[in-house]
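Letters A, B, ... mirror the listed sequences (proteins, then strands); counts begin at 1. All values below come from the heavy atoms of this structure, side chains included, with hydrogens, waters and symmetry mates left out.
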Protein chains: 2
Amino acid sequence: MSGDEIPAALVKRLRAASGLSEQEIMAIHALPILVREYGAERAVVSEGQRAVECCLIVRGFCARSKTTSEGRRQILSIHIPGEIPDLMSLHLHVMDHDLRTLTPCTLGFVHHEALRLLYRRQPNLADLFWRDTLIDAAMFREWIVNVGQRPAPARLAHVMVELRERLKLIGRVEGSSFEMPLTQEQVGEALGITAVHANRVIKQLRQDGIVDLHRGRVDVLDETRLLELAGFDGRYLHQSPAL
Amino acid sequence: MSGDEIPAALVKRLRAASGLSEQEIMAIHALPILVREYGAERAVVSEGQRAVECCLIVRGFCARSKTTSEGRRQILSIHIPGEIPDLMSLHLHVMDHDLRTLTPCTLGFVHHEALRLLYRRQPNLADLFWRDTLIDAAMFREWIVNVGQRPAPARLAHVMVELRERLKLIGRVEGSSFEMPLTQEQVGEALGITAVHANRVIKQLRQDGIVDLHRGRVDVLDETRLLELAGFDGRYLHQSPAL
DNA sequence: ACGCGGTTCCAACAAAGGTTAAGGACAGCG
DNA sequence: CGCTGTCCTTAACCTTTGTTGGAACCGCGT
């Protein structure tokens, strides 16, 4: 993979969310990025650690999670190429949650210092990165609503639709099917239910002819009913640079 | 209330979380703030609105919430004097959730333009406000865990302890008792349970001699058991300017 | 004092989700 | 080709939470 392709998905995503000048794109491409390969299910940064760098996902899926004192794990978000899941560590140096890979991943690491330098020189990028962390927070708010107010089948549908919307941005939806590489255990951790119940819910959505989740891949069987079930309103993704 | 007292709680809070220079404090005090009085249960900004100003809580309690298409409401956070609950609107101009008062409130409004001017002149304050929104996001993450993974009694205990920690920062905890002006309906909306079940849980914690929640006020009966039940680890509040 | 509206509280029943335990499918590997 | 481990699947039973509907309580205004 050539040096130029590494920030490609990042640029694509930032452009969609906020707009980007030529100069800013060049500055991003000039960022010193250290690329590392990770296997599936590996810790990238963990709660309690002091971070000195941020992690750009070049290839693969990651998830952020927290574990309670009782040992129950909650997945907070799922992340795809082009995203910087731990951008928040720029100003919150000690991690309050874990970042782990779901699949084998190619990750690009950028030192906090390099990022600070970048956005001091291109002040617009500071607002833009800030905005990116605010969209992150908006997704957490919707995740709270999902886990707090929707019945389990609607929760699953909502997570699926959100993930699909974000995959669309980077051109990773093929027809009515897209990747969602979670085990049923992890689906449960994302929805705040047990793996057994996750299985029941998946099975039901399959039997109802709405969606099929199979070996890390979602097949949408009935678009209309999926959207209706999810009760999805994408405004919280703030995808138009509308301002 | 004199002009100087209005940002007092804000300064106190920012100082605790990140440290603040004399010059920065003066710049904050020079901010043009329009003060308005609100009754209880009033909308401040609503989902879908374009915000052009941010709202500093001078007196009283507010809450942020979202309502699903099915009409179920979820409270996302509770806010106290010194906080700017909609700071995110600075870069996310159309609101993705509601901000309402819980009690009668004194609110100070600052135009986005004035805030931008402030942090352009004092670049440190930009990072500081950014950091503030990141702590906001960290609280959402913990709220997800609370709603997703803890049984209802632990959820209530956790919200209580978090609120108390934040009230401590602005000197609003008197002995073993502090304000939490939510109806049982609203407690339910915060915890992702119904009002009836909220009532059951409150009753149980009272009978168990752990906490009493009564007319908008919490009395801690057994500190040790409350902390144990809440499983509270305050690191996510990022209250030390440790960096 | 009286009544009004919003809380708080409660009970009986229903539904959703958790727990435990166990068999079956499937991929990777020797 | 069979072994191994992980994941998926299901069933039976139990606990938590939701639903409905109604009674008691409280602050407030007249």
S.K.: Return the set of residues passing side chain to side chain contact (heavy atoms under 4.5 Å, CB included) with A:T103 (not counting sequence neighbours), or none when no residue passes.
M.R.: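 A:F61, A:C105, A:P181.
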S.K.: To the nearest angstrom, how far is A:H214 atom NE2 from D:dC7 atom P?
M.R.: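 About 15 Å, once rounded to whole Å.
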S.K.: Send over the distance from B:I202 CD1 to C:dT7 C1', rounded to a whole Å.
M.R.: 11 Å
S.K.: Rounded to whole Å, please give me the gap between CD in A:Q207 and C1' in D:dT9.
M.R.: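 Those two atoms, CD and C1', are 12 Å apart.
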S.K.: Is A:T101 reaching over with its side chain to a backbone N or O of A:P104, donor-acceptor style, under 3.5 angstrom?
M.R.: no
S.K.: Cation-pi check, B:R36 to B:F109: give yes when NZ or CZ is under 6.0 Å from the six-membered ring centre and within 45° of the ring axis, no otherwise.
M.R.: yes
S.K.: Could you tell me how far apart B:L191 (CG) and D:dT16 (P) are, to the nearest whole angstrom?
M.R.: 16 Å
S.K.: Using a 4.0 Å heavy-atom cut-off, write out nucleotides 15-30 of chain C from 5' to 3' as B (base contacted by protein), S (sugar-phosphate only) or - (no contact).
M.R.: --BBBB----------
S.K.: Just N and O in the side chain of B:K203: are any of them under 4.0 Å from OP1 or OP2 of C:dC10?
M.R.: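 For B:K203, the contact criterion (side-chain N or O under 4.0 Å from OP1 or OP2 of C:dC10) is met.
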S.K.: Hey, is the side chain of A:N199 poking within less than 4.0 Å of OP1 or OP2 on D:dC8, counting only N and O atoms?
M.R.: no
S.K.: Between A:Q184 (CD) and D:dC8 (C1'), how many Å, whole number?
M.R.: 5 Å
S.K.: I need the CD-C1' distance between B:Q149 and D:dT17, as an integer number of Å.
M.R.: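 One finds 16 Å between C1' of D:dT17 and CD of B:Q149, rounded.
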S.K.: Dot-bracket for DNA chain D, 5' to 3', with Watson-Crick and G-U pairs under 3.5 Å, [ ] for crossing pairs and | for other-strand pairs: what is it?
M.R.: ||||||..||||||||||||||||||||||
S.K.: Only counting residues at least two apart or in another chain, list the ones meeting salt bridge (Lys or Arg N to Asp or Glu O under 4.0 Å) with B:D86.
M.R.: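 With sequence neighbours excluded, B:D86 shows a salt bridge (Lys or Arg N to Asp or Glu O under 4.0 Å) to no residue whatsoever.
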S.K.: Please answer whether the main-chain N or O of A:Q204 pairs with a side-chain N or O of A:Q207 as donor and acceptor at a distance below 3.5 Å.
M.R.: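 It does not hold such a pair.
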S.K.: Any side-chain donor-acceptor pair under 3.5 Å between B:R141 and A:H97?
M.R.: yes
S.K.: Expressed in angstrom and rounded to an integer, what is the separation of A:L182 atom CG from D:dC7 atom C1'?
M.R.: 13 Å
S.K.: For B:T68, check side chain to side chain contact (heavy atoms under 4.5 Å, CB included) against everything at least two apart and list the hits.
M.R.: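 By the side chain to side chain contact (heavy atoms under 4.5 Å, CB included) rule, B:T68 matches A:V145, A:Q149, A:R150, B:E70, B:R72.
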S.K.: B:E70 CD to D:dT19 P: how many Å, rounded?
M.R.: 12 Å
S.K.: With no hydrogens and no angle check, do the side chains of B:Q186 and B:E41 hold a donor and an acceptor under 3.5 Å apart?
M.R.: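 The criterion, which ignores hydrogens and geometry beyond distance, is satisfied for B:E41 and B:Q186.
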S.K.: According to ring-ring contact (aromatic ring centres under 6.0 Å, His included), who are the partners of A:F232, at least two apart in sequence or on a separate chain?
M.R.: A:H158, A:Y236
